[in-house]
Amino acid sequence: MPYSKGPKPREAASKIAHMEVINNPAIANILQNLKVDSAPKKPNAATPALNVDFSIPTKIEQVLTVDAGLQTVPNPIRREKAMSFINPGVSILSLDDLKKIANDPMMDPRDMGNMLSRCTLRPAYLPLRGVRMTGRTMRDTLREIINASLLPAVTGLYEVLEFLLFEQWLPSGSVKSPRSMNCLFCRDTFDIPEKQIFSCPHCGFEHFLSDYLGLLSSSDPVEQPSETIANSFMRVLELLCLFRLPMLATKNGKHDRLEKILFIKDGSLMLRAEGFRVIDGVRRYLQWLRSRGVTMHLAGVEKTGNMVEFLANFPDAVPCDGDVLIPSRQFLNEEIQGKVYDPTNPRNRVSFGTRVGVRLSASHVVALQVPSNDLTNGGPENPKPNDLPELEEVVRALSKVTSSRYENSLIPLVLANRQVSLAQSSSSRLLEEYVIGLIS
Ligand SMILES: [Zn+2]
């Protein structure tokens, strides 16, 4: 066959289709606006507010990392039936072991496994497609399953949820902030009692405390739930995992142990939408710990998003090791997130972390969220180093656990991610068999 220099017929067709798209005036206009004539310039305000001295030894002795995996398993015979499996877990490593791993990138994974003391909870299962309890709607099936997943036999995380929602760090008899919700049946508002199951005083409809999480908002097409519900539930489980150890320390009067632990959460310190109800409890708890002089070193490590992209574009915003960029909310909104800044509306109910960018090494620039002194509206409009009292210690500890093998990664997160995905791949077949047994 003679060699042809022209485009293959399919390529030619796709080129023509492409041209037609550009001829569309609306699309041509946005493409025009996407074009930039010059390389982006680092905004002048993007200069470090703080430099952390890495030569000072850290007080941190252990690193606790929270992570969760989500896997959707369709029934291999009936693809219209599927379940989601959420695998929440916490790993605890001593900083000394982490340093050994950092210095020996070729370390045998089995040795790493031995160092890792991991507390994996039983996974939570959520029906996704074509699976529901006999005689129940999809919505009620999901409500029952979410409630059951929090019980002691599965994740046992109801204890943490109740702790955060009902301010159980306060002595009994203290005045607590009332919590109310709209009845799922009659829609009237009522105050919820400190219980896991309670009835609406207006119509008697029985609610679970997990209904208060608002994971199934009325607009969701819950008869065909998307993975969004599983994702939101996973975020809630991660957050509850994060506060399990602090809760135990508070309940047992062992706050001195908290100060030597660095808590790392994979992702942001926030829960979207109705999650503000839990965030409100988290904010109160963190403020209470501070008021008692208890230090909790906590960082959310963002791996995606505007802040990560900004730092990738402008690594010289933090030129030296230990440099910390603390953007104001205006700078964050306008320069980093490309949004409009509205100083008259600082309301934020979903976050308990302030964003910072940190250079940990020549090859490690990370986007973190750390809680500030004042958590009203998530944090100050114009945060200064003094507003983030634990930041220096957090950054110093993180500088000891950078991974040379994975670009821009922290070893505790690499290990935690691997544990979650290993658990998934090795048990994936078992899960599938389980699903077949359950729904075929
Ligand atoms: Zn009601």
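Start at 1 and go down the list; that is how both ligands and their atoms are numbered. This is a predicted model, so every value here is computed, not measured.
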Any Lys/Arg nitrogen of Arg179 or Asp191 sitting under 4.0 Å from an Asp/Glu carboxylate oxygen of the other?
no
Just the protein N/O/S atoms under 2.8 Å from the Zn ion (ligand 1), please, no waters.
Cys183 SG, Cys186 SG, Cys200 SG, Cys203 SG
Return each pair, listed once, that meets side chain to side chain donor-acceptor pair (under 3.5 Å) where at least one residue sits in residues 157-167; pairs must be two or more places apart or across chains.
Asn147-Tyr158, Tyr158-Ser210, Glu159-Lys251, Glu162-Gln196, Glu167-Ser177
Set of side chain to side chain donor-acceptor pair (under 3.5 Å) partners for Arg136, sequence neighbours left out:
Glu144
Measuring centre to centre across the rings, with the benzene-like ring taken for any Trp, is Tyr285 within less than 6.0 Å of Phe163?
yes
Rounded distance (nearest 0.5 Å) linking atom CG of Leu286 with atom CG of Leu375
6.0 Å
Side chain to side chain donor-acceptor pair (under 3.5 Å) partners for Thr58, two or more places apart
Glu393
